[in-house]
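Take a look at the structure below.
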Amino acid sequence: MSAAADRLNLTSGHLNAGRKRSSSSVSLKAAEKPFKVTVIGSGNWGTTIAKVVAENCKGYPEVFAPIVQMWVFEEEINGEKLTEIINTRHQNVKYLPGITLPDNLVANPDLIDSVKDVDIIVFNIPHQFLPRICSQLKGHVDSHVRAISCLKGFEVGAKGVQLLSSYITEELGIQCGALSGANIATEVAQEHWSETTVAYHIPKDFRGEGKDVDHKVLKALFHRPYFHVSVIEDVAGISICGALKKRCCLRLWFRPKGLGWGNNASAAIQRVGLGEIIRFGQMFFPESREETYYQESAGVADLITTCAGGRNVKVARLMATSGKDAWECEKELLNGQSAQGLITCKEVHEWLETCGSVEDFPLFEAVYQIVYNNYPMKNLPDMIEELDLHED
Ligand SMILES: NC(=O)C1=CN([C@@H]2O[C@H](COP(=O)(O)OP(=O)(O)OC[C@H]3O[C@@H](n4cnc5c(N)ncnc54)[C@H](O)[C@@H]3O)[C@@H](O)[C@H]2O)C=CC1
Ligand SMILES: O=C(CO)COP(=O)(O)O
C-alpha cells in the first residue's frame with residue numbers, strides 16, 4: 001500500500017492537542033491488522049455506544065475489523081433470549097427500544113468468548129458489576145489489549161477511592177482510558193447531536209502508529225457526525241466529573257422542583273455541587289486538571305444535561321413528589337436500568353468519613369443524609385449552611 005493510500009482522512013471532527021481544537025482533517029494510518037473491538041455491556045448506554053462503535057468499525061475497514069461483539073448479560077424477554085432478539089431483529093428491546101442497531105453488531109452472552117483475540121475493549125456496564133466482570137476476565141485478556149471505560153462511578157474499597165479505568169488496569173494489566181460527556185443515551189442513540197470527551201494516556205509500551213491504539217484511533221472509533229469527540233489526556237478529570245455529578249449532587253437537582261422551588265434553587269445546588277466536584281478532584285486526584293471541569297463536555301456540560309433529563313433526576317423527582325424511597329422509585333421508573341448515584345453517594349460518604357473530610361463536602365453529605373437517613377429535603381439549605389458554619 002502506498003504511503004498516501006494507507007492514510008485515511010477523518011474530516012468531520014477535530015483532534016485536540018490540549019484544548020486547541022483544529023478544524024483541519026486528521027490523517028489516520030491504516031492498521032497493519034485491523035483492530036478487533038468488543039463492547040462489554042448492553043444496557044441503555046452500553047447498547048448506544050456499541051451502535052456508535054459498530055457504525056465506525058464498518059466505516060473504517062482499514063482500521064477496524066467489521067464485526068463488533070457486544071457482551072450481553074443474558075435474560076429472557078417474553079420467553080425469548082435477549083441476545084437472539086438483538087441478533088435477529090437488531091434491537092435491544094429492553095434497554096434501548098425503538099433504535100435499530102447495525103447488523104455488524106453481534107450480541108454474545110459468553111463473556112470470555114466475546115473478548116477472544118480482541119484488541120480494544122470498551123467497558124460499559126453499571127459500575128457495581130465491574131469487579132465480578134474483571135475477575136471473570138482475568139487471564140483471558142492479553143496485555144497488548146487497550147481499553148476505554150464508559151462507566152461513571154468509582155471503585156471504593158480497601159485501596160481507597162479508585163478511578164474505574166485504574167481499577168481495570170490494575171485488575172487486567174491493560175492500559176485503560178475513559179469516555180465521558182453530556183450524553184443522555186437515548187439522545188445519542190436517536191442521533192441527536194452531542195459532544196463527548198475521551199481521555200487516554202499513551203502507554204510506555206506503545207507499539208507505534210498503525211500497530212497500536214492512539215488518540216487518532218480513538219477519535220475514529222467514537223466520533224460520528226452526531227457524536228463529536230474531543231480526545232485529551234486527563235483521564236482523572238473526566239472520570240471524577242462523571243462519577244460525582246450524578247451520584248452525589250444530581251439527585252438533589254430536581255428536588256428543588258419536586259419541592260416547588262424554582263430555577264434559582266436548582267442553580268444554587270449546581271453551583272455548590274460543581275465546587276465540591278472540583279475540590280474532590282484536587283484533594284484525591286491532584287493530577288486532574290481544573291480546566292477539564294469547565295471546558296470539556298465531561299465537565300459542567302454533563303452536569304447541566306444530567307440535571308435536566310438524566311435518570312437519577314427522574315428518580316429524585318419521584319422521591320420528592322411521592323415520598324417513596326430511592327430504590328422503590330428506581331424500580332418503578334427504570335425497568336432494570338440503574339440509577340447509580342444511589343450507590344456512589346454511599347461509597348463517597350464512607351470514603352470521606354474514613355478520611356475525616358465529610359465537612360469539606362456539605363452538599364455531598366446532605367445528599368447522603370437525605371437518601372440514607374431520611375433527613376427532610378426541605379432542610380437542604382440549612383444543612384449546607386450549618387456545615388459551612390462548622391467549617392468556619
Ligand atoms: N444511560 C445513560 O444515559 C448513560 C449512562 N452512563 C454510564 O454508563 C454505564 C452503563 O450504563 P447503562 O448502559 O445505561 O446501564 P443500565 O443502567 O441500562 O443497566 C442495565 C444493564 O445492567 C446489566 N446487568 C444487570 N444485572 C447484571 C449483572 N448481575 N451483571 C452484569 N450486568 C448486569 C443489564 O443486563 C443491562 O445491560 C454506567 O456507569 C452509567 O452511569 C454514561 C452516560 C450516559
Ligand atoms: O450520565 C448521563 C448523561 O451524561 C446519564 O445520567 P443518568 O444515569 O442520571 O441518566
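Along the sequence shown, the residues carry numbers beginning at 1. Both counts, for ligands and for their atoms, begin at 1 and track the order of listing.
- Within the 4.0 Å heavy-atom shell around ligand 2 one does not find S180.
- The main-chain N or O of F364 is found under 3.5 Å from a side-chain atom of E276 such that the two form a donor-acceptor pair.
- For atom 20 (C) of ligand 1, the nearest non-hydrogen atom from the set W71, F129, Y95, F123 belongs to Y95.
- Close approach of ligand 2 to D302 is summarised as follows: ligand atoms under 4.0 Å from at least one heavy atom of the residue are 3 (C), 4 (O).
- Close contacts of ligand 1 with N183, meaning ligand atoms under 4.0 Å from a residue heavy atom, involve 3 (O), 43 (C), 44 (C).
- Close contacts between ligand 1 and C150 involve ligand atoms 7 (C), 8 (O) [criterion: under 4.0 Å to a heavy atom].
- Residue G46 has at least one N or O atom closer than 3.5 Å to an N or O atom of ligand 1.
- Distances below 4.0 Å separate heavy atoms of Q340 from the following atoms of ligand 1: 38 (C), 39 (O), 40 (C), 41 (O).
- You'll find the side chain of F284 reaches within 4.5 Å of the side chain of L352, heavy atoms only.
- In the candidate list G43, A185, G41, G309, G43 is nearest to atom 21 (C) of ligand 1, counting heavy atoms.
- Of all atoms in ligand 2, listed by their number and element, those nearer than 4.0 Å to a heavy atom of I184 are 3 (C).
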Check the pair D302, N183 against side-chain hydrogen bond (donor to acceptor under 3.5 Å, both in side chains), reporting the backbone distance first and the verdict last. CA-CA 7 Å; D302 192 11; N183 301 143; over 6 Å; no

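- The closest non-hydrogen atom to atom 29 (N) of ligand 1, taken over E74, Q128, R132, comes from R132.
- For the pair D234/Y293, no side-chain contact is recorded, criterion being any heavy-atom separation below 4.5 Å from C-beta on.
- At least one heavy atom of P126 sits closer than 4.0 Å to an atom of ligand 1.
- Short contacts between ligand 1 and I125, defined as distances under 4.0 Å to a heavy atom of the residue, involve ligand atoms 9 (C), 10 (C), 38 (C), 39 (O).
- For the pair R311 and ligand 1, a heavy-atom separation below 4.0 Å is found.
- At least one N/O-N/O distance between N183 and ligand 2 falls below 3.5 Å.
- Atom numbering of ligand 2 starts at 1 in the shown order; those under 4.0 Å from a heavy atom of G181 are 4 (O).
- In this structure, F280 has its ring center under 6.0 Å from that of F154.
- Side-chain atoms of S165 never come within 3.5 Å of backbone atoms of S149 as a donor-acceptor pair (strictly under, hydrogens ignored).
- Against a heavy-atom cut-off of under 4.0 Å, L151 is close to the following atoms of ligand 1: 39 (O).
- For a threshold of 3.5 Å applied to N or O pairs, the pair formed by G310 and ligand 2 contains no separation below that value.
- Taking the six-membered ring where tryptophan is involved, the planes of F73 and W71 are perpendicular, since the angle between them exceeds 60° and thus also 30°.
- Residue-to-ligand polar distances place W45 within reach of ligand 1: an N/O pair is separated by less than 3.5 Å.
- Remark: ligand 2 and N312 share an N or O pair separated by less than 3.5 Å (distance only, no angle test).
- Between V231 and F222, every side-chain heavy-atom pair lies at or beyond the 4.5 Å cut-off.
- Ion pairing between E76 and K81 fails under the 4.0 Å rule for side-chain N and carboxylate O.
- L101 has its side chain out of reach of Q91: every pair of non-hydrogen atoms, C-beta onward, lies at least 4.5 Å apart.
- In the vicinity of N124, heavy-atom distances shorter than 4.0 Å reach the ligand 1 atoms 8 (O), 9 (C), 10 (C).
- Taking the charged nitrogens against the carboxylate oxygens, R89 and E84 have no contact shorter than 4.0 Å, which rules out a salt bridge.
- Set against the non-hydrogen atoms of G336, the atoms of ligand 1 under 4.0 Å away are 20 (C).
- Between R224 and N56, the closest side-chain pair of non-hydrogen atoms falls below 4.5 Å.
- At least one N or O atom of S338, backbone or side chain, sits closer than 3.5 Å to an N or O atom of ligand 1.
- Taking only non-hydrogen atoms, the option from E187, K314, Q340, R311 nearest to atom 10 (O) of ligand 2 is R311.
- Under a 4.0 Å N-O distance rule, the pair D119/R207 does not qualify as a salt bridge.
- Formation of a donor-acceptor pair under 3.5 Å by the Y372 side chain with backbone atoms of L342 is found in this model.
- Each of the atoms 35 (O) of ligand 1 lies under 4.0 Å from some heavy atom of E75.
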